[in-house]
Asker: 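My structure is below; once you've seen it, I'll send some questions.
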Amino acid sequence: MAEAPTPTTPARKPKPPMSRLMRLSLKVVDRVTDATRRADGTLNRLALSLLDPRVPAISSPCRGVASRDVVLDRATRLHARLFHPAAAKAGAARPLPVIVFFHGGGFAFLSAASPAYDAACRRIARYASAAVLSVDYRRSPKHRFPAPYDDGLAALRFLDDPKNHPPLPLPLDVARCYVAGDSAGGNIAHHVARRYAADAASFRSVRLRGLVAIQPFFGGEERTDSELRLDGAAPIVSIDRTDWMWRAFLPPGADRTHEAANFAHPAAAAGLESPAFPPVLLAVGGFDPLQDWQRRYAETLTGMGKDVRVAEYPDAIHAFYLFPVFDDARDLIIRIAEFVAESVPAAAASDQP
């Protein structure tokens, strides 16, 4: 008589290394955020405003960085928060490079005034000795593709006119401009960079020197190994959440093969062949379910001859750099500062200690 097959125990999904308190806190945030998603595809913005209160800009220096809110486009009511070092370092009185930053949140959540992003942009400005223009782009589901990409390009157009630059202790050097963002913001930064590259000749002053893509949000109809392996085990990102985010952002009827999600789509190629498409610093986390898409993104650009530097963080969850408790968070900020420093003119670089 044949023996009955021995039942196999499902493999336990890996858990990211973090304290029990951090894991519990993130789980609570995930569940509360999920509760703001309505069945009809809309969001409970009132509830979100209570969960994510906006912090004001601070004109007086806070740890060496001041901030102010600026209007980029009155027609679309587009605003941004500008962070800048409050004073020049000794022997370093030169114009500031500019990092145009796009926050994460699946195109639908959070803002430039969210506490986590206000703090992160302040850290980047301080470490990189740069101005950071954090764009408060229009969010889905009210504003779908291509609204945030249009807003990102509008931010570059704003910087392109020196008359728009506010008076600062040090002027802005938009010839040393970067686009940066995490998650959905990394996706936006990529698409803004390629739009710029496709029409670089129309910019008089702005020169894009680099793209910082922190765990960018890309996708497709396929379920990758990392999505399946880490779904339900890693915080912040899950298949259910990302599917909802794409449905809320993409044009009605579009699937995840759309150019916004799929960087390999023919419609997403414009600008990538241009020499004006900048070098890329890509951050990838080992406990981010989106990591397989991010590595494919790097492979696609590298295959086109583009300069791509990949910063791997094996123990990192999605959005890890927003949490200073993680050592990797500081490491990434330092890498961003070093990436930006590459654009410092040789004469100025020789003045650095």
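Numbers here simply count residues along the sequence, with the first being 1.
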Asker: Once side chain to side chain contact (heavy atoms under 4.5 Å, CB included) is applied, do any residues pair with P14, and if so which ones, sequence neighbours excluded?
Answerer: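 So P14 forms a side chain to side chain contact (heavy atoms under 4.5 Å, CB included) with R229, L230, F287.
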Asker: Residues in ring-ring contact (aromatic ring centres under 6.0 Å, His included) with Y196, at least two apart?
Answerer: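 If we apply the ring-ring contact (aromatic ring centres under 6.0 Å, His included) test to Y196, skipping adjacent residues, the hits are F203.
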Asker: R296: what forms a side-chain hydrogen bond (donor to acceptor under 3.5 Å, both in side chains) with it, not counting sequence neighbours?
Answerer: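 side-chain hydrogen bond (donor to acceptor under 3.5 Å, both in side chains) list for R296, sorted by chain: E222.
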Asker: Quick check: are there more than 12 heavy atoms from other residues, nucleotides or ligands sitting under 6.0 Å from CZ of R31?
Answerer: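 No - once you tally the heavy atoms of other residues, nucleotides and ligands closer than 6.0 Å, there are 12 at most.
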Asker: Extract all donor-acceptor atom pairs below 3.5 Å that involve side chains of residues 150-162 and protein atoms in other chains or at least two apart in sequence.
Answerer:
| residue | atom | partner | partner atom | Å |
| --- | --- | --- | --- | --- |
| D150 | OD1 | R195 | NH1 | 2.7 |
| D151 | OD1 | R138 | NE | 3.1 |
| D151 | OD1 | R138 | NH2 | 2.8 |
| D151 | OD2 | R138 | N | 2.9 |
| D151 | OD2 | R138 | NE | 3.0 |
| R157 | NH1 | S202 | OG | 3.0 |
| R157 | NH2 | D199 | OD2 | 3.2 |
| R157 | NH2 | S202 | OG | 3.0 |
| D160 | OD1 | R204 | N | 3.2 |
| D160 | OD1 | S205 | N | 2.6 |
| D160 | OD1 | V206 | N | 2.9 |
| D160 | OD2 | R204 | N | 3.0 |
| D161 | OD1 | K163 | N | 3.0 |

Asker: Quick check: is L50 connected to V32 through a chain of hydrophobic side chains (ILVMFWY, heavy atoms under 4.5 Å apart)?
Answerer: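 Different hydrophobic clusters.
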Asker: Could you tell me if E221 and N262 have a donor-acceptor pair between their side chains, going purely by distance under 3.5 Å?
Answerer: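 Short answer, no.
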Asker: Is the shortest heavy-atom distance from the side chain of P95 to the side chain of L170 under 4.5 Å?
Answerer: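 Side-chain contact under 4.5 Å: no.
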Asker: Under the rule for side chain to side chain contact (heavy atoms under 4.5 Å, CB included), what residues qualify as partners of P148, not counting sequence neighbours?
Answerer: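 F107, Y137, I188, F249.
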Asker: Is there a donor-acceptor pair under 3.5 Å between the side chain of R81 and the backbone N or O of A112?
Answerer: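 No; judged by distance alone, with no hydrogens or angles, the pair does not exist.
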Asker: Closer than 4.0 angstrom, basic N to acidic O: yes or no for E342 and R309?
Answerer: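 Judged by the 4.0 Å cut-off on N to carboxylate O distance, E342 and R309 do form a salt bridge.
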Asker: Say you draw a straight line from NE2 of H318 to OG of S183; how long is it, rounded to the nearest 0.5 Å?
Answerer: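 OG of S183 is found 3.0 Å from NE2 of H318.
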Asker: Any side-chain heavy-atom pair from F217 and T242 closer than 4.5 angstrom?
Answerer: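 Heavy-atom side-chain distance check passes, below 4.5 Å.
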Asker: Of all residues at least two apart in sequence or in a different chain, which pass the ring-ring contact (aromatic ring centres under 6.0 Å, His included) check with H258?
Answerer: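 Listed in chain order: F145.
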Asker: Contact between L272 and L301 at the side-chain level, heavy atoms closer than 4.5 Å - yes or no?
Answerer: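 When only atoms from C-beta onward are counted, L301 and L272 do touch, with a gap below 4.5 Å.
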Asker: For residues A130 and P85, report the shortest heavy-atom separation together with the two atoms involved.
Answerer: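 Where A130 meets P85 most closely, the heavy atoms are O-CD, 3.4 Å.
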Asker: To check you understand the geometry: which heavy-atom pair defines the closest contact between A233 and P16, and what is its length?
Answerer: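 Heavy atoms only, the tightest pair is O-CD, 3.7 Å.
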Asker: Taking only residues two or more places apart in sequence or in another chain, which ones pass side chain to side chain contact (heavy atoms under 4.5 Å, CB included) with E312?
Answerer: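 Scan of E312 (side chain to side chain contact (heavy atoms under 4.5 Å, CB included), adjacent residues dropped) gives V284, R295, V310.
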Asker: Would you say that P56 contacts S67 through its side chain, given a criterion of any heavy-atom pair below 4.5 Å between the two side chains?
Answerer: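 When only atoms from C-beta onward are counted, S67 and P56 do not touch, as no gap falls below 4.5 Å.
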Asker: Would you find a donor on one side and an acceptor on the other, under 3.5 Å apart, between the side chain of Y117 and the backbone of G104?
Answerer: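 Yes; at least one donor-acceptor contact below 3.5 Å.
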Asker: Are the side chain of D328 and the backbone of Y313 linked by a donor-acceptor contact shorter than 3.5 Å?
Answerer: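 Answer holds: no.
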Asker: If we count only N and O atoms by modelled type, under 3.5 Å, do the side chains of D331 and Y321 hold a donor and an acceptor together?
Answerer: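 No, because no side-chain N or O of D331 sits under 3.5 Å from a partner of the opposite role on Y321.
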Asker: Tell me, with the steps shown, if K27 and D30 meet salt bridge (Lys or Arg N to Asp or Glu O under 4.0 Å).
Answerer: CA-CA 5 Å; K27 185 174 292 186; D30 285 346; over 6 Å; no
Asker: Tell me if a side-chain donor or acceptor on S226 pairs with a main-chain N or O of P289 at a distance below 3.5 Å.
Answerer: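 Yes, the answer is positive, given that a donor and an acceptor are paired below the 3.5 Å cut-off.
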Asker: Same cluster for V340 and I334 if Ile/Leu/Val/Met/Phe/Trp/Tyr side chains link at under 4.5 Å?
Answerer: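 Yes, V340 connects to I334 through the hydrophobic network.
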Asker: Measure across G106 and M245 and return the closest heavy-atom pair with its distance rounded to 0.1 Å.
Answerer: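 Scanning both residues, the minimum pair turns out to be CA-SD, 3.5 Å.
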Asker: Give a yes or no answer on whether the side chain of D182 reaches the backbone of A319 with a donor-acceptor pair at less than 3.5 Å.
Answerer: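 Not at all, since once roles are kept as given, no pair shorter than 3.5 Å links the two residues.
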Asker: Whether the D240 and S238 side chains hold a donor-acceptor pair (N or O, under 3.5 Å, no angle test) is what I'd like checked.
Answerer: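 D240 vs S238: no donor-acceptor pair found between side chains.
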Asker: Below 4.5 Å, heavy atoms only, C-beta onward: do R94 and D173 meet side chain to side chain?
Answerer: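 Side-chain contact under 4.5 Å: no.
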Asker: Is there a path of hydrophobic side-chain contacts, each under 4.5 Å between heavy atoms, that joins V70 and V55?
Answerer: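 Per the 4.5 Å side-chain linkage, V70 and V55 are not co-clustered.
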Asker: Within the side chain of H191, is there an N or O that forms a donor-acceptor pair under 3.5 Å with the backbone of A260?
Answerer: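 Confirmed, H191 side chain pairs with A260 backbone.
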Asker: Would you say the side chain of F101 lies within less than 4.5 Å of the side chain of L133, judging by non-hydrogen atoms?
Answerer: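 Result no, sub-4.5 Å side-chain heavy-atom pair not found.
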Asker: Hey, what's the ring geometry for H190 with F277, parallel, tilted or perpendicular (30° and 60° as the breaks)?
Answerer: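 Ring orientation of H190 relative to F277: perpendicular.
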Asker: Count I, L, V, M, F, W, Y as connected when their side-chain heavy atoms are under 4.5 Å apart, and connections chain through other members. Are F323 and V29 then in the same cluster?
Answerer: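 Different clusters.
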Asker: State which residues pass salt bridge (Lys or Arg N to Asp or Glu O under 4.0 Å) with E259; sequence neighbours excluded, sorted by chain then number.
Answerer: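 Listed in chain order: R194.
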Asker: May I ask you to list the residues sharing a hydrophobic cluster with L21, side-chain cutoff 4.5 Å, ordered by chain and number?
Answerer: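 L21 shares its hydrophobic cluster with no other residue.
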Asker: Okay, side chain of T224, backbone of E227: is any donor-acceptor separation there less than 3.5 Å?
Answerer: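 Side chain of T224 to backbone of E227, a donor-acceptor pair under 3.5 Å: yes, one is there.
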Asker: Quick check: does any side chain N or O of Q215 sit under 3.5 Å from a backbone N or O of D288, one acting as donor and the other as acceptor?
Answerer: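 No, because the side chain of Q215 does not come within donor-acceptor range (under 3.5 Å) of the backbone of D288.
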Asker: Check for a donor-acceptor pair, side chain of R176 on one end and backbone N or O of V98 on the other, with a separation under 3.5 Å.
Answerer: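 A pair under 3.5 Å: no.
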Asker: Among residues at least two apart in sequence or on other chains, which ones pass ring-ring contact (aromatic ring centres under 6.0 Å, His included) with F263?
Answerer: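 So F263 forms a ring-ring contact (aromatic ring centres under 6.0 Å, His included) with F218, Y297.
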Asker: Kindly give the heavy-atom pair with the smallest separation between H103 and V135, and that separation in Å.
Answerer: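 That closest heavy-atom pairing would be CD2-O, 3.8 Å.
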Asker: Quick check: do D118 and F83 have side-chain heavy atoms less than 4.5 Å from each other?
Answerer: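 They are in side-chain contact.
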Asker: Give a yes or no on whether R330 atom CZ has more than 12 heavy-atom contacts from other residues, nucleotides or ligands under 6.0 Å away.
Answerer: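 Atom CZ in R330 is not crowded, with 12 or fewer foreign heavy atoms closer than 6.0 Å.
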Asker: Heavy atoms only: give me the nearest R126-V65 pair and the separation to one decimal.
Answerer: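 The pair with the smallest heavy-atom distance is CB-CG2, 3.7 Å.
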Asker: Yes or no on salt bridge (Lys or Arg N to Asp or Glu O under 4.0 Å) for K306 and E273, after CA distance, side-chain angles and deciding distance?
Answerer: CA-CA 9 Å; K306 300 302 176 181; E273 296 287 357; 5.7 Å; no
Asker: Do F320 and V325 share a hydrophobic cluster, counting only Ile, Leu, Val, Met, Phe, Trp and Tyr and linking them when any side-chain heavy atoms are less than 4.5 Å apart?
Answerer: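 Both belong to a single hydrophobic cluster.
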Asker: For A47, check side chain to side chain contact (heavy atoms under 4.5 Å, CB included) against everything at least two apart and list the hits.
Answerer: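 In terms of side chain to side chain contact (heavy atoms under 4.5 Å, CB included), with neighbours along the sequence ignored, A47 is linked to T36, N44.
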Asker: Taking the side chain from R37 and the backbone from R241, do they hold a donor-acceptor pair closer than 3.5 Å?
Answerer: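 Not at all, since once roles are kept as given, no pair shorter than 3.5 Å links the two residues.
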Asker: Who else is in L228's hydrophobic cluster (ILVMFWY, side-chain heavy atoms under 4.5 Å, direct or via others)?
Answerer: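 Members alongside L228: I239.
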Asker: Ignoring hydrogens, what is the shortest heavy-atom contact between A329 and P324? Give both atom names and the distance.
Answerer: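 What the structure gives for the nearest pair is CB-CA, 4.3 Å.
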Asker: Going through the distances and angles, do D243 and R256 end up as a salt bridge (Lys or Arg N to Asp or Glu O under 4.0 Å)?
Answerer: CA-CA 9 Å; D243 283 359; R256 296 185 300 276; 3.3 Å; yes
Asker: Got K13 and D231 here, is their nearest side-chain heavy-atom distance under 4.5 Å?
Answerer: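 A side-chain contact under 4.5 Å exists here.
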Asker: Would you say that more than 12 heavy atoms from the other residues, nucleotides or ligands in this model lie under 6.0 Å from the CG of D327, or not?
Answerer: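 Check fails, neighbour count at 12 or below.
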